[in-house]
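Values below: all heavy atoms of this structure, side chains included; hydrogens, waters and symmetry mates excluded. In what follows, chains are A, B, ... by sequence order, proteins preceding strands, each numbered from 1. Every value quoted in this text rests on a predicted model; they were computed, and no experiment measured them.
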Protein chains: 2
Amino acid sequence: MNWVKPLGGIGEHAATPVDPAQLDATDLQLLLLLSRDARISQRSLARELGMSAPAVADRIARLHRQGVIEGYGVRLNWSALGYPTIAYLTVTAGQGFEQGLIMTRLAELPEVEEVMIVTGGVDMLVRVRVRDHTHLRELLIDKVWQIEGIQRTETSLSVAEMKPKNTTSELLADMIRRVEP
Amino acid sequence: MNWVKPLGGIGEHAATPVDPAQLDATDLQLLLLLSRDARISQRSLARELGMSAPAVADRIARLHRQGVIEGYGVRLNWSALGYPTIAYLTVTAGQGFEQGLIMTRLAELPEVEEVMIVTGGVDMLVRVRVRDHTHLRELLIDKVWQIEGIQRTETSLSVAEMKPKNTTSELLADMIRRVEP
DNA sequence: CTTGAAATAATGAATGA
DNA sequence: TCATTCATTATTTCAAG
């Protein structure tokens with residue numbers, strides 16, 4: 001058969017869900033401290049948490065094994081790096097095309113920070129980071145619109161963004177509040 | 001006077017633009033290595049870059065001073081933490097309301113990861129991370145819709161996301177390719 | 001989880017290209 | 001200015017309890 005599969009073949013392309021890990025308050029505090037400064041020493045972490053450095057190392061290793069910690073990154077000022085512009089593209093896929101495949105093609109572009117299949121009027125939301133309008137235009141013409149199955153895109157350009165905030169820290173702080181009020 | 005200011009009062013609430021820093025290929029390589037694993041030792045960085053550890057420390061300090069490096073963070077698996085759901089809200093502001101103020105109110109919510117004022121049919125795009133549909137409903141009713149000046153919101157729920165990728169690394173690798181092909 | 005010793009890493013001074 | 005080496009201080013890691 002050859003019917004339309006709205007989410008057909010997504011499985012291989014999308015992130016796979018994970019069962020929530022059971023973490024105690026110390027784990028969350030540890031993650032909070034790391035989210036504020038991931039280069040903090042285990043010794044400093046140990047001091048803040050009131051435990052020994054090896055105990056901290058053990059917990060970090062366990063959080064890695066559990067898949068809670070995926071890695072450590074650097075927060076960069078993209079304006080200072082010459083990539084000040086964010087745009088969102090809404091993508092509508094042609095009937096009968098695998099959205100998962102389109103998602104993968106989009107995700108391969110270095111400028112693409114996120115691809116999500118969403119409910120509502122359009123099929124996908126794509127977040128891209130570019131140097132300027134010329135870069136955005138070239139990205140659309142040379143890369144995005146070349147992807148088979150993309151029927152239509154609309155571009156929303158960012159005119160102003162909020163001051164950068166550390167969402168990870170805020171969400172973790174919120175989780176800690178719910179655990180021990 | 002009391003005319004409508006479409007972007008009125010944004011200045012105090014939005015991120016301020018920064019002049020691009022002039023970075024050499026070594027700086028970009030350094031940032032690339034940090035973006036892959038921000039907890040790598042300066043010694044390892046020095047080995048990879050073919051220089052001494054103090055030289056690496058100097059460069060990192062300078063990149064901090066230049067505002068290129070804003071900090072270091074931990075990449076978490078939010079599904080494993082019990083926050084698997086992302087939604088995008090489009091927000092339309094009432095006439096005469098300061099969008100900058102609405103942006104600040106939204107950014108104060110821990111669930112809000114990003115607020116952008118965009119071109120196109122709506123005024124703002126808001127990215128939120130929640131535990132489940134109940135959490136999203138409560139966030140909308142108790143928090144978002146209580147913000148003065150918000151006239152209308154529409155919610156796009158994420159049905160599938162791409163596999164997590166390190167955009168920072170990819171963009172930096174792309175920048176390095178342009179500097180030294 | 002702890003302590004304490006051994007291995008590794010970061011930092012600062014002095015200095016050279 | 002930018003990097004180096006070396007000495008000192010700090011941190012991580014490992015073994016044992």
Side-chain angles (χ1 to χ4, degrees), chain A residues 20-77 80-82 166 168-169 172 175-176 179-180, chain B residues 18-77 80-81 166 168-169 172 175-176 178-180:
Chain A
Q22 53 297 323
L23 309 176
D24 63 17
T26 307
D27 289 324
L28 294 176
Q29 287 285 167
L30 178 53
L31 294 175
L32 178 60
L33 291 166
L34 282 172
S35 74
R36 298 216 246 252
D37 174 15
R39 278 187 73 82
I40 187 176
S41 71
Q42 297 183 353
R43 215 167 181 276
S44 305
L45 287 170
R47 273 191 294 266
E48 298 259 11
L49 297 170
M51 44 171 38
S52 67
V56 168
D58 282 351
R59 273 181 190 261
I60 290 176
R62 196 198 71 232
L63 289 165
H64 256 106
R65 279 197 308 276
Q66 290 178 304
V68 174
I69 293 178
E70 294 185 336
Y72 306 93
V74 59
R75 282 193 292 273
L76 297 176
N77 182 330
L81 281 165
N166 193 333
T168 303
S169 302
L172 284 168
M175 291 173 73
I176 291 169
V179 171
E180 40 177 32
Chain B
V18 180
D19 286 327
Q22 53 299 320
L23 308 176
D24 64 17
T26 307
D27 289 325
L28 294 176
Q29 288 284 166
L30 179 53
L31 294 175
L32 177 60
L33 291 166
L34 282 173
S35 74
R36 298 217 244 250
D37 175 15
R39 278 187 73 83
I40 188 176
S41 71
Q42 296 184 353
R43 271 184 163 222
S44 306
L45 287 170
R47 273 191 293 267
E48 298 260 9
L49 297 170
M51 45 173 33
S52 67
V56 168
D58 281 353
R59 274 182 189 260
I60 290 177
R62 194 197 74 232
L63 289 165
H64 255 103
R65 279 197 308 278
Q66 290 178 303
V68 174
I69 293 178
E70 294 184 336
Y72 306 94
V74 59
R75 282 193 292 274
L76 297 176
N77 183 328
L81 281 164
N166 193 334
T168 304
S169 302
L172 285 169
M175 291 173 73
I176 291 169
R178 319 177 115 255
V179 172
E180 41 177 33

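- In the helix from C:dC1-D:dG17 to C:dA17-D:dT1, the rotation axis of the first five pairs and that of the last five pairs differ in direction by 40°, rounded to 10 degrees.
- Residues B:S52 and B:A46 share a closest heavy-atom pair of C-CB, 3.6 Å.
- Atom CZ of B:R39 is separated from atom CD of A:Q42 by 5.5 Å, given to the nearest 0.5 angstrom.
- A:S169 approaches A:L32 most closely through the heavy-atom pair O-CD1, 3.4 Å.
- Within the 4.5 Å cutoff, the side chain of B:R75 has heavy atoms near those of the B:N166 side chain.
- Once you apply a 4.0 Å limit to the heavy atoms of chain A, the touched nucleotides of DNA chain D run 5' to 3' over D:dT11 to D:dC14.
- One distance of note links CD of A:E48 with CZ of A:R36; it measures 8.5 Å at 0.5 Å rounding.
- Contact check for B:D27 versus B:V68: no side-chain heavy atoms found under the 4.5 Å cut-off.
- In this structure, the separation between CG on A:L30 and CG on A:D24 is 9.5 Å, given to the nearest 0.5 Å.
- Scanning both residues, B:G73 and A:A38, for their nearest heavy atoms gives O-CB, 3.3 Å.
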> What is the per-nucleotide protein-contact pattern of nucleotides 2-9 of chain C, from the 5' end, where B denotes a base atom under 4.0 Å from a protein heavy atom, S denotes such proximity for sugar-phosphate atoms only, and - denotes neither?
Replying inline: BBB----B
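- A heavy-atom distance below 4.5 Å is found between the side chains of A:T26 and A:M51.
- Among all heavy-atom pairs drawn from B:L76 and A:E70, the shortest one is O-OE1, 3.9 Å.
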